[in-house]
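Structure first, commentary second.
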Amino acid sequence: ETVARRRVEELRSLSQTLRRRFYERFVGKTLSVVPESEPDPDTRHFVARTDNYIPVQVRAASTVPCKHAFPVILERMVGENVLGTMSGPT
């Protein structure tokens, strides 16, 4: 294994650790998100992004706001994913 490959792997690992720590700082907080995808018909989950670029998997309520921001509670991390719940009326 070359030195360059080891360094790349170390940087990727560090990046992943720092990203997770950053995301974890917001677990339990309510943040504004904008949807980036349509809800999956089977799971009713969709991807939304916070104003500080955290991708959040959100379970769709009966109605999903199309293109405007709405509040989501960042509930927990599962692996590298942040799971959230819609908060209040949309």
Side-chain angles (χ1 to χ4, degrees):
E1 188 171 21
T2 67
V3 171
R5 287 181 194 235
R6 269 188 286 130
R7 288 181 180 170
V8 166
E9 187 56 39
E10 287 174 12
L11 288 174
R12 283 184 181 154
S13 178
L14 176 61
S15 175
Q16 187 177 30
T17 299
L18 293 175
R19 183 180 313 110
R20 183 172 179 84
R21 284 183 190 165
F22 177 71
Y23 291 174
E24 287 174 342
R25 287 182 18 210
F26 296 94
V27 169
K29 296 187 180 351
T30 300
L31 298 178
S32 181
V33 300
V34 175
E36 288 190 341
S37 68
E38 294 295 319
D40 180 278
D42 297 325
T43 65
R44 295 184 53 211
H45 284 90
F46 64 95
V47 176
R49 197 163 297 265
T50 68
D51 59 358
N52 54 1
Y53 303 104
I54 298 172
V56 182
Q57 292 183 12
V58 182
R59 181 163 175 86
S62 57
T63 60
V64 178
C66 286
K67 305 228 187 243
H68 67 279
F70 58 94
V72 167
I73 301 168
L74 278 58
E75 292 185 329
R76 67 184 192 276
M77 299 272 311
V78 175
E80 295 300 311
N81 299 312
V82 180
L83 302 182
T85 303
M86 296 173 78
S87 173
T90 57

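All values below come from the heavy atoms of this structure, side chains included, with hydrogens, waters and symmetry mates left out.
Atom CG of residue Leu74 and atom CD of residue Glu24 lie 11.5 Å apart, to the nearest 0.5 angstrom. Taking CZ from Arg7 and OG1 from Thr2, the interatomic distance works out to 9.5 Å, rounded to the nearest 0.5 Å. One distance of note links CD of Glu9 with CG of Leu14; it measures 11.5 Å at 0.5 Å rounding.
Panel note: side chain Thr17, backbone Ser13; a donor-acceptor pair is recorded below 3.5 Å.
When every heavy atom of Phe26 is checked against every heavy atom of Asn52, the shortest pair comes out as CZ-ND2, 3.2 Å. Nearest heavy atom pair, residue Ile73 against residue Ser87, reads CG1-CB, 3.8 Å. Pairing each heavy atom of Arg59 with each of Thr43, the nearest pair is NH1-O, 2.8 Å. Residues Pro35 and Phe70 share a closest heavy-atom pair of CD-CE2, 3.5 Å. A pairwise comparison of heavy atoms in Pro55 and Arg49 identifies CD-NH1, 3.7 Å as the closest pair. Of all heavy-atom pairs spanning Val58 and Met86, the tightest one is CG1-CG, 3.6 Å.
A side chain to side chain contact (heavy atoms under 4.5 Å, CB included) with Val33 holds for exactly one of Thr50, Ile54, Val47; it is Thr50. In summary, of the residues considered (Arg20, Arg25, Arg19), a side chain to side chain contact (heavy atoms under 4.5 Å, CB included) with Tyr23 occurs for Arg19 alone.
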Practice task
For side-chain contact (heavy atoms from CB on, under 4.5 Å), just list the numbers for Gln57 and Leu83, CA-CA rounded to whole Å, side-chain angles, deciding distance to a tenth of an Å, and then say yes or no.
Solution key: CA-CA 5 Å; Gln57 292 183 12; Leu83 302 182; 3.6 Å; yes
